[in-house]
2 protein chains.
Amino acid sequence: MDERCSTHEHRSCQLGWAAMSMGKVDRVRAKAAKRARRRPLSKQAMVDVALRIVDTEGTEAVSMRRVAAEFDTGPASLYAHVRDKDELLRLVLDRVIDEMEVPTADAWQDVVRGFAHNVRSAYQRHADVARLSFAHIPTGEKVLAGSERLLRAMIEAGVPDRVAAWALDILSLYVGADAFEGWIMQQRFSHDARGRPVAEVDADFVASVQHDMGAMPADRYPYLARALPVMTSGTSDERFSFGVDMLIAGFAAQIPEQP
Amino acid sequence: MDERCSTHEHRSCQLGWAAMSMGKVDRVRAKAAKRARRRPLSKQAMVDVALRIVDTEGTEAVSMRRVAAEFDTGPASLYAHVRDKDELLRLVLDRVIDEMEVPTADAWQDVVRGFAHNVRSAYQRHADVARLSFAHIPTGEKVLAGSERLLRAMIEAGVPDRVAAWALDILSLYVGADAFEGWIMQQRFSHDARGRPVAEVDADFVASVQHDMGAMPADRYPYLARALPVMTSGTSDERFSFGVDMLIAGFAAQIPEQP
DNA sequence: ACCTGAACACCGTTCAAGT
DNA sequence: ACCTGAACACCGTTCAAGT
(Lines give C-alpha, C1' and ligand atoms only; values in the text may rest on other atoms or scores of the structure.)
Protein backbone atom coordinates (compact mmCIF):
# COMPACT_ATOMS: atom_id res chain seq x y z
CA MET A 1 0.00 0.00 0.00
CA ASP A 2 2.71 2.45 1.00
CA GLU A 3 4.95 1.96 -1.99
CA ARG A 4 1.93 2.19 -4.27
CA CYS A 5 1.32 5.70 -2.94
CA SER A 6 4.69 6.72 -4.28
CA THR A 7 3.44 6.29 -7.83
CA HIS A 8 1.67 9.29 -9.30
CA GLU A 9 -1.27 7.17 -10.33
CA HIS A 10 -2.57 7.13 -6.77
CA ARG A 11 -3.90 10.65 -6.32
CA SER A 12 -6.17 9.44 -3.55
CA CYS A 13 -3.16 9.12 -1.29
CA GLN A 14 -3.08 12.90 -1.00
CA LEU A 15 -6.77 13.10 -0.02
CA GLY A 16 -7.88 12.74 3.56
CA TRP A 17 -11.55 11.97 3.15
CA ALA A 18 -13.00 8.90 1.47
CA ALA A 19 -9.48 7.63 0.96
CA MET A 20 -10.66 4.02 1.25
CA SER A 21 -13.19 4.01 -1.57
CA MET A 22 -11.24 6.37 -3.83
CA GLY A 23 -8.13 4.29 -3.26
CA LYS A 24 -9.96 1.22 -4.38
CA VAL A 25 -11.22 2.86 -7.56
CA ASP A 26 -7.79 4.22 -8.34
CA ARG A 27 -6.16 0.90 -7.69
CA VAL A 28 -8.49 -0.73 -10.17
CA ARG A 29 -7.79 2.01 -12.71
CA ALA A 30 -4.03 1.76 -12.21
CA LYS A 31 -4.18 -1.99 -12.62
CA ALA A 32 -6.16 -1.69 -15.83
CA ALA A 33 -3.75 0.95 -17.13
CA LYS A 34 -0.78 -1.22 -16.27
CA ARG A 35 -2.32 -4.22 -17.98
CA ALA A 36 -3.05 -2.17 -21.10
CA ARG A 37 0.49 -0.78 -21.21
CA ARG A 38 2.29 -4.09 -20.99
CA ARG A 39 2.54 -6.86 -23.54
CA PRO A 40 -0.28 -9.38 -23.22
CA LEU A 41 0.62 -12.88 -22.10
CA SER A 42 0.65 -15.59 -24.74
CA LYS A 43 2.60 -18.72 -25.62
CA GLN A 44 4.27 -16.85 -28.47
CA ALA A 45 5.36 -13.92 -26.34
CA MET A 46 6.56 -16.19 -23.54
CA VAL A 47 8.73 -18.16 -25.98
CA ASP A 48 10.13 -14.86 -27.30
CA VAL A 49 11.20 -13.85 -23.81
CA ALA A 50 12.52 -17.29 -22.86
CA LEU A 51 14.53 -17.57 -26.08
CA ARG A 52 16.10 -14.17 -25.46
CA ILE A 53 17.19 -15.32 -22.00
CA VAL A 54 18.55 -18.57 -23.47
CA ASP A 55 20.53 -16.68 -26.11
CA THR A 56 22.18 -14.34 -23.65
CA GLU A 57 22.62 -16.53 -20.57
CA GLY A 58 21.77 -20.15 -21.45
CA THR A 59 18.88 -22.47 -20.72
CA GLU A 60 19.62 -22.71 -16.98
CA ALA A 61 18.98 -18.97 -16.64
CA VAL A 62 15.35 -19.37 -17.69
CA SER A 63 12.97 -19.36 -14.75
CA MET A 64 9.24 -19.00 -14.61
CA ARG A 65 9.63 -16.07 -12.24
CA ARG A 66 12.00 -14.27 -14.57
CA VAL A 67 9.86 -14.77 -17.64
CA ALA A 68 6.82 -13.61 -15.67
CA ALA A 69 8.69 -10.54 -14.45
CA GLU A 70 9.17 -9.42 -18.07
CA PHE A 71 5.36 -9.26 -18.28
CA ASP A 72 5.10 -7.38 -14.97
CA THR A 73 3.32 -10.28 -13.34
CA GLY A 74 3.93 -13.25 -11.06
CA PRO A 75 4.99 -16.76 -12.09
CA ALA A 76 1.51 -18.20 -11.52
CA SER A 77 0.21 -16.31 -14.55
CA LEU A 78 2.30 -18.40 -16.93
CA TYR A 79 0.51 -21.60 -15.95
CA ALA A 80 -2.57 -20.50 -17.87
CA HIS A 81 -0.54 -20.93 -21.08
CA VAL A 82 1.89 -23.79 -20.43
CA ARG A 83 1.61 -26.90 -18.29
CA ASP A 84 5.03 -26.39 -16.72
CA LYS A 85 8.56 -25.07 -17.29
CA ASP A 86 9.43 -28.13 -19.35
CA GLU A 87 6.74 -27.30 -21.89
CA LEU A 88 7.97 -23.73 -22.18
CA LEU A 89 11.51 -24.95 -22.87
CA ARG A 90 10.24 -27.48 -25.39
CA LEU A 91 8.50 -24.66 -27.23
CA VAL A 92 11.78 -22.74 -27.24
CA LEU A 93 13.53 -25.75 -28.77
CA ASP A 94 10.80 -26.10 -31.41
CA ARG A 95 11.36 -22.46 -32.36
CA VAL A 96 15.08 -23.15 -32.87
CA ILE A 97 14.36 -26.34 -34.81
CA ASP A 98 12.32 -24.24 -37.24
CA GLU A 99 15.57 -22.48 -38.22
CA MET A 100 17.10 -25.72 -39.52
CA GLU A 101 17.16 -26.28 -43.26
CA VAL A 102 17.73 -29.41 -45.30
CA PRO A 103 19.97 -28.36 -48.20
CA THR A 104 19.40 -29.31 -51.81
CA ALA A 105 22.21 -31.32 -53.36
CA ASP A 106 22.66 -34.13 -55.84
CA ALA A 107 24.64 -36.60 -53.77
CA TRP A 108 22.80 -37.95 -50.72
CA GLN A 109 26.01 -37.62 -48.72
CA ASP A 110 25.99 -33.87 -49.32
CA VAL A 111 22.35 -33.57 -48.30
CA VAL A 112 23.02 -35.41 -45.05
CA ARG A 113 26.28 -33.61 -44.39
CA GLY A 114 24.73 -30.20 -45.05
CA PHE A 115 21.78 -31.03 -42.82
CA ALA A 116 24.09 -32.00 -39.96
CA HIS A 117 25.99 -28.74 -40.27
CA ASN A 118 22.82 -26.66 -40.45
CA VAL A 119 21.44 -28.31 -37.34
CA ARG A 120 24.66 -27.65 -35.49
CA SER A 121 24.72 -24.02 -36.64
CA ALA A 122 21.19 -23.44 -35.41
CA TYR A 123 22.04 -24.90 -32.01
CA GLN A 124 25.23 -22.84 -31.85
CA ARG A 125 23.26 -19.64 -32.42
CA HIS A 126 21.27 -20.36 -29.25
CA ALA A 127 23.67 -21.18 -26.45
CA ASP A 128 23.03 -24.59 -24.88
CA VAL A 129 19.58 -25.09 -26.34
CA ALA A 130 20.86 -28.42 -27.70
CA ARG A 131 20.63 -29.65 -24.10
CA LEU A 132 16.88 -29.82 -24.63
CA SER A 133 17.16 -31.95 -27.77
CA PHE A 134 17.65 -35.26 -26.01
CA ALA A 135 14.64 -37.55 -26.24
CA HIS A 136 12.73 -34.79 -28.02
CA ILE A 137 10.84 -35.94 -31.11
CA PRO A 138 9.76 -32.88 -33.08
CA THR A 139 6.57 -33.29 -35.11
CA GLY A 140 6.21 -29.91 -36.83
CA GLU A 141 5.25 -29.58 -40.48
CA LYS A 142 8.69 -28.33 -41.46
CA VAL A 143 10.43 -31.22 -39.70
CA LEU A 144 8.26 -33.71 -41.56
CA ALA A 145 9.08 -32.08 -44.92
CA GLY A 146 12.79 -32.05 -44.06
CA SER A 147 12.77 -35.69 -42.97
CA GLU A 148 10.99 -36.59 -46.21
CA ARG A 149 13.74 -34.97 -48.26
CA LEU A 150 16.49 -36.65 -46.26
CA LEU A 151 14.87 -40.07 -46.50
CA ARG A 152 14.26 -39.68 -50.23
CA ALA A 153 17.88 -38.72 -50.88
CA MET A 154 19.14 -41.78 -49.02
CA ILE A 155 16.59 -44.36 -50.15
CA GLU A 156 16.83 -43.36 -53.83
CA ALA A 157 20.60 -43.87 -53.59
CA GLY A 158 20.05 -47.43 -52.42
CA VAL A 159 20.34 -47.01 -48.65
CA PRO A 160 18.04 -49.62 -47.06
CA ASP A 161 14.88 -48.23 -45.46
CA ARG A 162 15.90 -49.28 -41.98
CA VAL A 163 19.36 -47.73 -42.31
CA ALA A 164 17.94 -44.47 -43.64
CA ALA A 165 15.39 -44.24 -40.83
CA TRP A 166 17.87 -44.98 -38.07
CA ALA A 167 20.46 -42.72 -39.66
CA LEU A 168 18.29 -39.68 -38.96
CA ASP A 169 17.98 -40.66 -35.31
CA ILE A 170 21.67 -41.29 -34.86
CA LEU A 171 22.72 -38.13 -36.66
CA SER A 172 20.33 -35.98 -34.64
CA LEU A 173 21.62 -37.49 -31.42
CA TYR A 174 25.23 -36.97 -32.40
CA VAL A 175 24.76 -33.39 -33.58
CA GLY A 176 22.81 -32.42 -30.48
CA ALA A 177 25.44 -33.96 -28.22
CA ASP A 178 28.26 -32.22 -30.08
CA ALA A 179 26.56 -28.84 -29.91
CA PHE A 180 25.80 -29.21 -26.21
CA GLU A 181 29.32 -30.33 -25.40
CA GLY A 182 30.74 -27.53 -27.52
CA TRP A 183 28.80 -24.93 -25.57
CA ILE A 184 30.04 -26.24 -22.24
CA MET A 185 33.63 -26.17 -23.52
CA GLN A 186 33.15 -22.65 -24.81
CA GLN A 187 31.80 -21.54 -21.44
CA ARG A 188 34.64 -23.22 -19.58
CA PHE A 189 37.32 -21.44 -21.54
CA SER A 190 35.68 -18.04 -21.69
CA HIS A 191 35.90 -17.39 -17.96
CA ASP A 192 38.01 -14.29 -18.54
CA ALA A 193 37.96 -13.47 -22.28
CA ARG A 194 34.47 -13.30 -23.78
CA GLY A 195 33.65 -13.32 -27.47
CA ARG A 196 37.06 -14.57 -28.55
CA PRO A 197 37.36 -16.43 -31.86
CA VAL A 198 36.61 -20.14 -31.71
CA ALA A 199 40.09 -21.09 -32.95
CA GLU A 200 41.64 -19.38 -29.93
CA VAL A 201 39.33 -21.17 -27.52
CA ASP A 202 40.26 -24.43 -29.18
CA ALA A 203 43.95 -23.63 -28.76
CA ASP A 204 43.45 -22.98 -25.06
CA PHE A 205 41.68 -26.28 -24.69
CA VAL A 206 44.53 -28.09 -26.41
CA ALA A 207 47.04 -26.50 -24.04
CA SER A 208 45.01 -27.45 -20.98
CA VAL A 209 44.55 -31.10 -21.95
CA GLN A 210 48.19 -31.42 -22.82
CA HIS A 211 49.01 -30.05 -19.39
CA ASP A 212 46.64 -32.46 -17.63
CA MET A 213 48.03 -35.46 -19.44
CA GLY A 214 51.58 -34.20 -19.63
CA ALA A 215 52.64 -36.00 -16.46
CA MET A 216 51.62 -39.28 -18.07
CA PRO A 217 54.39 -41.92 -18.05
CA ALA A 218 55.25 -42.29 -21.74
CA ASP A 219 56.89 -45.68 -21.27
CA ARG A 220 53.83 -47.27 -19.67
CA TYR A 221 51.44 -45.75 -22.21
CA PRO A 222 53.31 -45.66 -25.53
CA TYR A 223 50.22 -45.51 -27.74
CA LEU A 224 48.60 -42.81 -25.65
CA ALA A 225 51.82 -40.79 -25.80
CA ARG A 226 51.91 -41.33 -29.55
CA ALA A 227 48.27 -40.29 -30.02
CA LEU A 228 48.44 -37.32 -27.66
CA PRO A 229 49.68 -34.68 -30.11
CA VAL A 230 47.08 -35.68 -32.68
CA MET A 231 44.35 -36.15 -30.04
CA THR A 232 44.37 -32.47 -29.27
CA SER A 233 44.84 -31.37 -32.87
CA GLY A 234 42.25 -29.76 -35.06
CA THR A 235 39.39 -27.41 -34.28
CA SER A 236 36.05 -28.50 -32.87
CA ASP A 237 34.59 -27.93 -36.35
CA GLU A 238 37.05 -30.35 -37.90
CA ARG A 239 36.35 -32.98 -35.29
CA PHE A 240 32.62 -32.60 -35.80
CA SER A 241 32.93 -32.91 -39.58
CA PHE A 242 35.06 -36.00 -39.11
CA GLY A 243 32.42 -37.61 -36.91
CA VAL A 244 29.65 -36.88 -39.42
CA ASP A 245 31.79 -38.30 -42.22
CA MET A 246 32.41 -41.48 -40.22
CA LEU A 247 28.67 -41.99 -39.82
CA ILE A 248 28.00 -41.25 -43.49
CA ALA A 249 30.71 -43.73 -44.48
CA GLY A 250 29.05 -46.30 -42.24
CA PHE A 251 25.65 -45.69 -43.82
CA ALA A 252 27.17 -45.83 -47.30
CA ALA A 253 28.70 -49.22 -46.54
CA GLN A 254 25.16 -50.51 -45.99
CA ILE A 255 24.17 -49.92 -49.62
CA PRO A 256 23.95 -53.38 -51.19
CA GLU A 257 26.15 -54.15 -54.21
CA GLN A 258 24.50 -53.56 -57.59
CA PRO A 259 23.94 -56.91 -59.36
CA MET B 1 15.91 -24.58 22.13
CA ASP B 2 12.40 -25.76 22.88
CA GLU B 3 12.44 -28.73 20.55
CA ARG B 4 15.88 -29.68 21.86
CA CYS B 5 14.33 -30.04 25.32
CA SER B 6 12.07 -32.73 23.96
CA THR B 7 15.06 -34.99 23.40
CA HIS B 8 16.13 -37.10 26.37
CA GLU B 9 19.71 -35.95 26.03
CA HIS B 10 18.89 -32.60 27.57
CA ARG B 11 18.34 -33.45 31.22
CA SER B 12 19.07 -29.86 32.20
CA CYS B 13 15.71 -28.87 30.81
CA GLN B 14 14.10 -30.40 33.87
CA LEU B 15 16.36 -28.49 36.29
CA GLY B 16 15.44 -25.04 37.49
CA TRP B 17 18.73 -23.85 38.93
CA ALA B 18 21.90 -23.31 36.90
CA ALA B 19 19.99 -24.35 33.84
CA MET B 20 22.11 -22.00 31.71
CA SER B 21 25.52 -23.45 32.53
CA MET B 22 24.32 -27.06 32.75
CA GLY B 23 22.46 -26.64 29.49
CA LYS B 24 25.62 -25.47 27.85
CA VAL B 25 27.65 -28.40 29.14
CA ASP B 26 24.96 -30.85 28.11
CA ARG B 27 24.63 -29.27 24.73
CA VAL B 28 28.34 -29.68 24.14
CA ARG B 29 28.18 -33.30 25.31
CA ALA B 30 25.16 -34.06 23.15
CA LYS B 31 26.86 -32.49 20.18
CA ALA B 32 30.01 -34.54 20.70
CA ALA B 33 27.96 -37.71 21.14
CA LYS B 34 26.00 -36.97 18.00
CA ARG B 35 29.17 -36.30 16.05
CA ALA B 36 30.72 -39.56 17.28
CA ARG B 37 27.60 -41.54 16.41
CA ARG B 38 27.28 -40.34 12.85
CA ARG B 39 29.50 -41.07 9.87
CA PRO B 40 32.32 -38.56 9.53
CA LEU B 41 32.25 -36.23 6.55
CA SER B 42 34.63 -36.99 3.71
CA LYS B 43 34.74 -36.80 -0.07
CA GLN B 44 34.39 -40.58 -0.23
CA ALA B 45 31.36 -40.73 2.04
CA MET B 46 29.71 -37.79 0.28
CA VAL B 47 30.08 -39.51 -3.09
CA ASP B 48 28.61 -42.69 -1.59
CA VAL B 49 25.53 -40.79 -0.49
CA ALA B 50 25.20 -38.78 -3.71
CA LEU B 51 25.55 -41.89 -5.85
CA ARG B 52 22.83 -43.65 -3.87
CA ILE B 53 20.49 -40.72 -4.50
CA VAL B 54 21.41 -40.73 -8.20
CA ASP B 55 20.72 -44.46 -8.48
CA THR B 56 17.30 -44.25 -6.90
CA GLU B 57 16.03 -40.86 -8.09
CA GLY B 58 18.40 -39.47 -10.72
CA THR B 59 21.01 -36.71 -10.78
CA GLU B 60 18.47 -33.89 -10.42
CA ALA B 61 17.46 -35.25 -7.02
CA VAL B 62 20.93 -34.63 -5.60
CA SER B 63 21.10 -31.47 -3.53
CA MET B 64 23.73 -30.24 -1.13
CA ARG B 65 21.09 -29.96 1.58
CA ARG B 66 19.95 -33.53 1.11
CA VAL B 67 23.44 -34.97 1.09
CA ALA B 68 24.26 -32.92 4.18
CA ALA B 69 21.11 -34.14 5.92
CA GLU B 70 22.35 -37.73 5.60
CA PHE B 71 25.29 -36.67 7.78
CA ASP B 72 23.02 -34.87 10.26
CA THR B 73 24.48 -31.51 9.37
CA GLY B 74 23.80 -28.44 7.26
CA PRO B 75 24.78 -27.88 3.63
CA ALA B 76 27.60 -25.50 4.54
CA SER B 77 29.61 -28.39 5.99
CA LEU B 78 30.05 -29.97 2.57
CA TYR B 79 31.98 -26.98 1.26
CA ALA B 80 35.01 -27.97 3.32
CA HIS B 81 35.40 -31.02 1.07
CA VAL B 82 34.18 -29.92 -2.37
CA ARG B 83 34.30 -26.58 -4.15
CA ASP B 84 30.65 -26.77 -5.23
CA LYS B 85 27.83 -29.10 -6.26
CA ASP B 86 29.38 -29.52 -9.70
CA GLU B 87 32.54 -31.01 -8.21
CA LEU B 88 30.51 -33.45 -6.13
CA LEU B 89 28.63 -34.62 -9.23
CA ARG B 90 31.88 -34.92 -11.19
CA LEU B 91 33.22 -37.19 -8.44
CA VAL B 92 30.07 -39.29 -8.73
CA LEU B 93 30.64 -39.62 -12.48
CA ASP B 94 34.28 -40.58 -11.92
CA ARG B 95 33.10 -43.34 -9.59
CA VAL B 96 30.82 -44.70 -12.32
CA ILE B 97 33.55 -44.39 -14.95
CA ASP B 98 35.70 -46.65 -12.77
CA GLU B 99 33.17 -49.44 -13.42
CA MET B 100 33.85 -49.40 -17.17
CA GLU B 101 36.09 -52.11 -18.60
CA VAL B 102 37.88 -52.35 -21.92
CA PRO B 103 37.41 -55.96 -23.06
CA THR B 104 40.17 -58.16 -24.40
CA ALA B 105 39.62 -59.37 -27.96
CA ASP B 106 41.63 -60.11 -31.07
CA ALA B 107 39.86 -57.92 -33.60
CA TRP B 108 40.03 -54.18 -32.87
CA GLN B 109 36.38 -53.89 -33.88
CA ASP B 110 35.41 -56.22 -31.04
CA VAL B 111 37.49 -54.29 -28.53
CA VAL B 112 35.84 -51.01 -29.54
CA ARG B 113 32.37 -52.53 -29.73
CA GLY B 114 32.73 -54.22 -26.34
CA PHE B 115 34.00 -51.00 -24.81
CA ALA B 116 31.01 -49.06 -26.13
CA HIS B 117 28.61 -51.60 -24.68
CA ASN B 118 30.38 -51.67 -21.31
CA VAL B 119 30.28 -47.89 -21.06
CA ARG B 120 26.58 -47.88 -21.85
CA SER B 121 25.91 -50.62 -19.30
CA ALA B 122 27.72 -48.70 -16.57
CA TYR B 123 25.70 -45.57 -17.33
CA GLN B 124 22.48 -47.59 -17.42
CA ARG B 125 23.17 -48.95 -13.94
CA HIS B 126 23.18 -45.38 -12.61
CA ALA B 127 20.08 -43.59 -13.86
CA ASP B 128 20.90 -40.42 -15.81
CA VAL B 129 24.51 -40.13 -14.67
CA ALA B 130 25.45 -39.98 -18.38
CA ARG B 131 24.05 -36.43 -18.31
CA LEU B 132 27.25 -35.45 -16.50
CA SER B 133 29.52 -36.99 -19.15
CA PHE B 134 29.32 -34.09 -21.60
CA ALA B 135 32.54 -32.09 -21.80
CA HIS B 136 34.00 -34.22 -19.01
CA ILE B 137 37.54 -35.43 -19.67
CA PRO B 138 38.38 -38.14 -17.15
CA THR B 139 42.04 -38.46 -16.24
CA GLY B 140 42.09 -41.35 -13.79
CA GLU B 141 44.72 -44.09 -13.91
CA LYS B 142 42.21 -46.69 -15.07
CA VAL B 143 40.93 -44.47 -17.88
CA LEU B 144 44.47 -43.93 -19.14
CA ALA B 145 45.14 -47.69 -19.14
CA GLY B 146 41.86 -48.33 -20.95
CA SER B 147 42.54 -45.65 -23.54
CA GLU B 148 45.98 -47.14 -24.11
CA ARG B 149 44.48 -50.54 -24.86
CA LEU B 150 41.87 -49.08 -27.21
CA LEU B 151 44.43 -47.00 -29.08
CA ARG B 152 46.81 -49.94 -29.39
CA ALA B 153 44.09 -52.20 -30.80
CA MET B 154 43.19 -49.64 -33.44
CA ILE B 155 46.63 -48.36 -34.38
CA GLU B 156 48.15 -51.86 -34.64
CA ALA B 157 45.35 -52.73 -37.08
CA GLY B 158 46.37 -49.86 -39.29
CA VAL B 159 43.90 -47.17 -38.16
CA PRO B 160 45.68 -43.81 -38.54
CA ASP B 161 46.70 -42.12 -35.29
CA ARG B 162 44.37 -39.20 -35.81
CA VAL B 163 41.40 -41.44 -36.59
CA ALA B 164 42.05 -43.62 -33.54
CA ALA B 165 42.35 -40.61 -31.23
CA TRP B 166 39.21 -38.91 -32.50
CA ALA B 167 37.36 -42.22 -32.55
CA LEU B 168 37.55 -42.41 -28.75
CA ASP B 169 36.11 -38.93 -28.44
CA ILE B 170 33.28 -39.54 -30.86
CA LEU B 171 32.38 -42.91 -29.38
CA SER B 172 32.32 -41.53 -25.84
CA LEU B 173 30.09 -38.67 -26.93
CA TYR B 174 27.71 -40.97 -28.77
CA VAL B 175 27.47 -43.53 -25.98
CA GLY B 176 26.91 -40.86 -23.34
CA ALA B 177 24.21 -39.21 -25.43
CA ASP B 178 22.48 -42.54 -26.08
CA ALA B 179 22.49 -43.51 -22.42
CA PHE B 180 21.16 -40.13 -21.34
CA GLU B 181 18.43 -40.15 -23.98
CA GLY B 182 17.55 -43.73 -23.08
CA TRP B 183 17.04 -42.81 -19.46
CA ILE B 184 14.72 -39.93 -20.32
CA MET B 185 12.68 -42.23 -22.57
CA GLN B 186 12.52 -44.85 -19.85
CA GLN B 187 11.29 -42.25 -17.36
CA ARG B 188 8.72 -40.91 -19.79
CA PHE B 189 7.14 -44.31 -20.35
CA SER B 190 7.25 -45.53 -16.78
CA HIS B 191 4.77 -42.98 -15.45
CA ASP B 192 2.43 -45.70 -14.26
CA ALA B 193 4.23 -49.05 -14.55
CA ARG B 194 7.64 -49.10 -12.85
CA GLY B 195 10.30 -51.75 -13.33
CA ARG B 196 8.75 -53.17 -16.49
CA PRO B 197 10.99 -54.99 -18.96
CA VAL B 198 12.78 -52.78 -21.46
CA ALA B 199 11.18 -54.51 -24.44
CA GLU B 200 7.75 -53.51 -23.20
CA VAL B 201 8.77 -49.88 -22.73
CA ASP B 202 10.15 -49.92 -26.26
CA ALA B 203 6.86 -51.28 -27.56
CA ASP B 204 4.96 -48.49 -25.84
CA PHE B 205 7.25 -45.94 -27.40
CA VAL B 206 6.68 -47.40 -30.84
CA ALA B 207 2.94 -47.19 -30.39
CA SER B 208 3.10 -43.56 -29.24
CA VAL B 209 5.28 -42.36 -32.13
CA GLN B 210 3.10 -44.18 -34.63
CA HIS B 211 0.11 -42.43 -33.13
CA ASP B 212 1.78 -38.99 -33.28
CA MET B 213 2.79 -39.43 -36.90
CA GLY B 214 -0.24 -41.45 -37.91
CA ALA B 215 -2.19 -38.43 -39.14
CA MET B 216 0.64 -37.69 -41.57
CA PRO B 217 -0.53 -37.31 -45.18
CA ALA B 218 0.98 -40.36 -46.88
CA ASP B 219 0.68 -38.87 -50.37
CA ARG B 220 2.66 -35.74 -49.51
CA TYR B 221 5.34 -37.68 -47.63
CA PRO B 222 5.72 -41.01 -49.43
CA TYR B 223 9.23 -41.76 -48.17
CA LEU B 224 8.35 -40.88 -44.61
CA ALA B 225 5.30 -43.13 -44.81
CA ARG B 226 7.48 -45.86 -46.25
CA ALA B 227 10.13 -45.49 -43.53
CA LEU B 228 7.66 -45.14 -40.67
CA PRO B 229 7.15 -48.83 -39.87
CA VAL B 230 10.89 -49.47 -39.88
CA MET B 231 11.66 -46.19 -38.07
CA THR B 232 9.93 -47.42 -34.97
CA SER B 233 11.18 -51.00 -35.27
CA GLY B 234 13.80 -52.65 -33.13
CA THR B 235 14.69 -52.19 -29.48
CA SER B 236 16.81 -49.37 -28.15
CA ASP B 237 19.65 -51.89 -27.77
CA GLU B 238 19.50 -52.77 -31.45
CA ARG B 239 19.50 -49.14 -32.47
CA PHE B 240 22.48 -48.43 -30.25
CA SER B 241 24.43 -51.38 -31.63
CA PHE B 242 23.65 -50.21 -35.12
CA GLY B 243 25.01 -46.74 -34.38
CA VAL B 244 28.22 -48.14 -32.92
CA ASP B 245 28.64 -50.40 -35.95
CA MET B 246 28.16 -47.44 -38.30
CA LEU B 247 30.97 -45.58 -36.54
CA ILE B 248 33.24 -48.62 -36.51
CA ALA B 249 32.61 -49.11 -40.22
CA GLY B 250 33.53 -45.49 -40.78
CA PHE B 251 36.76 -45.85 -38.81
CA ALA B 252 37.57 -49.09 -40.66
CA ALA B 253 37.18 -47.33 -44.00
CA GLN B 254 40.01 -45.00 -42.91
CA ILE B 255 42.56 -47.83 -42.83
CA PRO B 256 44.80 -47.27 -45.85
CA GLU B 257 45.10 -50.05 -48.44
CA GLN B 258 48.02 -52.41 -47.91
CA PRO B 259 50.62 -51.91 -50.66
C1' DA C 1 41.57 -27.42 8.91
C1' DC C 2 37.11 -28.56 9.62
C1' DC C 3 32.52 -27.56 10.90
C1' DT C 4 28.21 -24.85 11.89
C1' DG C 5 23.74 -21.70 12.14
C1' DA C 6 21.87 -18.31 10.01
C1' DA C 7 21.09 -15.64 6.29
C1' DC C 8 20.80 -14.22 1.30
C1' DA C 9 18.84 -14.53 -2.90
C1' DC C 10 16.73 -17.38 -5.33
C1' DC C 11 13.60 -21.70 -7.26
C1' DG C 12 8.69 -24.47 -9.48
C1' DT C 13 4.17 -25.16 -8.50
C1' DT C 14 -0.42 -24.86 -6.23
C1' DC C 15 -4.54 -22.74 -4.78
C1' DA C 16 -8.22 -19.84 -3.40
C1' DA C 17 -9.84 -15.73 -5.02
C1' DG C 18 -10.79 -12.52 -8.33
C1' DT C 19 -12.32 -10.65 -13.28
C1' DA D 1 -10.87 -18.57 -19.57
C1' DC D 2 -7.44 -15.91 -17.85
C1' DC D 3 -4.98 -13.81 -14.20
C1' DT D 4 -3.20 -12.90 -9.43
C1' DG D 5 -1.07 -12.73 -4.39
C1' DA D 6 0.36 -15.46 -1.20
C1' DA D 7 2.08 -19.47 0.37
C1' DC D 8 4.55 -24.05 0.36
C1' DA D 9 8.47 -26.54 0.12
C1' DC D 10 12.39 -26.32 -1.61
C1' DC D 11 17.34 -24.59 -3.82
C1' DG D 12 23.23 -23.24 -3.86
C1' DT D 13 26.36 -20.56 -1.68
C1' DT D 14 28.47 -17.33 1.68
C1' DC D 15 30.07 -15.80 6.00
C1' DA D 16 31.09 -14.87 10.69
C1' DA D 17 31.83 -17.66 14.41
C1' DG D 18 33.26 -21.55 16.62
C1' DT D 19 36.52 -25.87 17.67
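Since this is a predicted model, take the numbers as computed values, not measurements. Protein chains get the first letters and strands the later ones, always in sequence-line order, with residue 1 at the start of each.
In this entry the distance linking CE of M64(A) with C1' of dC10(C) reads 16 Å, nearest Å. With rounding to whole Å, Y79(A) atom OH is found 18 Å from dA6(D) atom P. Taking atom CG of L78(B) as the reference point, atom P of dC11(D) lies 12 Å away to the nearest angstrom.
Counting any heavy atom pair closer than 4.0 Å across all strands shown, S63(B) reaches sugar-phosphate atoms only and no base atom.
Looking at the side chain of A76(A), the nearest of the listed nucleotides dC3(D), dG5(C), dA6(D) is dA6(D). Looking at the side chain of A80(A), the nearest of the listed nucleotides dC3(D), dC3(C), dT13(D) is dC3(D). Distance from the side chain of R65(B) is smallest to dA7(C) among dA7(C), dC2(D), dC3(C). Among the nucleotides dC2(D), dT13(C), dT13(D), the one closest to any side-chain atom of D84(B) is dT13(D).
Of all nucleotides present, only dA1(C) satisfies the Watson-Crick or G-U wobble test against dT19(D), with each distance under 3.5 Å. Remark: dC11(C) base-pairs with no nucleotide; criterion is Watson-Crick or G-U wobble with both hydrogen-bond distances under 3.5 Å.
Annotation: F134(B) is in aromatic contact with F134(A) [ring centroid separation under 6.0 Å].
The closest donor-acceptor contact from the side chain of N118(B) to the backbone of E101(B) lies under 3.5 Å.
Listed here is the closest heavy atom pair of H136(B) and I97(B): CD2-CD1, 3.9 Å. When all heavy atoms are compared, the tightest approach of G176(B) to S133(B) is CA-OG, 3.9 Å.
In terms of position along DNA chain C, the nucleotide closest to L41(B) lies nearer the 5' end than the nucleotide closest to the other residue of the pair L41(B) and D86(A).
Rounded to a whole angstrom, the distance from the P atom of dA9(C) to that of dA9(D) is 23 Å.
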